[in-house]
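In what follows, a single structure is set out as structure tokens and then discussed.
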Amino acid sequence: LPGQLGFSILFSTLFGIAFTFFGLREQLVLKRFYASPVNRVNILLGIGVSRIFFQLLSVIVLLLFGHYVLNFTLQHGIITFIEIVFMTIVMLFLLLGVGLIFSSIVKTDTAIPLIINLFGFPQMMLSGTFFPIEVFPKWLQEICRVLPLTQYNDAVRKISFEGLHITDCAKQLGILGVWMVITYIILARVLKWE
């Protein structure tokens, strides 16, 4: 289930954010927002948080279905559930930035799926989503270990299967934090309002 959660939020968040933001930009809605007295950060947060909220609902449904129907392990019950949701929120904010970057650098909406797949397919294959990264050569394992989806998958597995807490996932949170800083620095440079 951790791999399925990661796979689900990776693609649904990137597609949802990129297409939504691109559509608003093409229809000049963002240009009108930009000209209003509303702070630009608030506009981005409004768009982003609304999309994240819906993605979070799907994660909650998957977790509940997994727990009650598939006997997915929640070592510490509701505490484990909350920690997985927290980890998901961190990952969703990272993916929000990536989706906004993609929607800003493409010229047409037909390029969005291509660029998302260029980013998402390696994540899906190399991050331990469907099979362990130990099956890869050593040099490739080192690359796998720094991918954001690997960090998310590892943290959720530690929390759910090993009974560890979010405080035991400092390494994963740290690497995701580095990815987030890099992502939002790039976003600040490439973001287009029209």
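Annotation: the span from K158 atom NZ to K171 atom NZ amounts to 6.5 Å, rounded to 0.5 Å. How far CD1 of I116 is from CG of L10: 9.0 Å, rounded to the nearest 0.5 Å. Between the CD1 atom of I159 and the CZ atom of F81 there is a distance of 12.5 Å, given to the nearest 0.5 Å. Annotation: the span from L96 atom CG to I89 atom CD1 amounts to 13.0 Å, rounded to 0.5 Å. Rounding to the nearest 0.5 Å places CD1 of I105 at 3.5 Å from CD1 of I115. To the nearest 0.5 Å, atom OG of residue S104 and atom CD1 of residue I186 are 12.0 Å apart.
With hydrogens and angles disregarded, no donor-acceptor distance shorter than 3.5 Å links the side chain of T183 to the backbone of L94. Checking side-chain atoms of W179 against main-chain N and O of M91 turns up no donor-acceptor pair under 3.5 Å. At distances below 3.5 Å, at least one donor-acceptor pair connects side-chain atoms of Q123 with backbone N or O atoms of L149. No donor-acceptor pair closer than 3.5 Å links the side chain of D109 to the backbone N or O of F22. Side-chain atoms of Q172 never come within 3.5 Å of backbone atoms of Y152 as a donor-acceptor pair (strictly under, hydrogens ignored).
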Return all side-chain donor-acceptor pairs below 3.5 angstrom for residues 1-9, not counting sequence neighbours, or 'none' if the list is empty.
none

List the atom pairs, with distances to 0.1 Å, where a side-chain N or O of residues 48-57 and a protein N or O form a donor-acceptor pair under 3.5 Å, not counting sequence neighbours.
from, atom 1, to, atom 2, distance (Å)
S50, OG, G46, O, 3.3
S50, OG, I47, O, 2.7
Q55, OE1, S12, OG, 2.5

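H76 is linked by a side-chain hydrogen bond (donor to acceptor under 3.5 Å, both in side chains) to nothing, counting only residues two or more places apart in sequence or in another chain. Residues forming a side-chain hydrogen bond (donor to acceptor under 3.5 Å, both in side chains) with E83 (at least two apart in sequence, or on another chain): H165. Residues satisfying the ring-ring contact (aromatic ring centres under 6.0 Å, His included) test with F136, not counting sequence neighbours, are F131. Listed by chain and residue number, nothing satisfies the side-chain hydrogen bond (donor to acceptor under 3.5 Å, both in side chains) test with R157 (two or more places apart in sequence, or in another chain).
Closest non-hydrogen pair, I17 versus L100, comes out as CG2-N, 3.7 Å. Between Y184 and F93, the shortest heavy-atom contact is OH-O, 2.6 Å. Closest approach of G120 to F11, counting heavy atoms only: C-CZ, 3.6 Å. Residues A18 and S103 come closest through the heavy atom pair O-CB, 3.3 Å. The minimum heavy-atom distance between T129 and S127, with the atom names listed, is OG1-OG, 2.9 Å.
Environment of CZ in F130: crowded, with over 12 heavy atoms of neighbouring residues, nucleotides or ligands closer than 6.0 Å. Within a 6.0 Å radius of CZ in F161, more than 12 heavy atoms belonging to other residues, nucleotides or ligands are found.
Taking 4.5 Å as the limit, some side-chain heavy atom of M87 sits within range of a side-chain heavy atom of L173. Side chains of I84 and L74 form a contact here, defined as non-hydrogen atoms less than 4.5 Å apart. Side-chain contact check for L191 versus F21: some heavy-atom pair is nearer than 4.5 Å. Counting heavy atoms from C-beta outward, I175 and R145 have side chains that stay 4.5 Å or more apart.
Under a hydrophobic-cluster definition in which Ile, Leu, Val, Met, Phe, Trp and Tyr are linked whenever side-chain heavy atoms come within less than 4.5 Å, directly or via other members, M124 and F102 are assigned to the same cluster.
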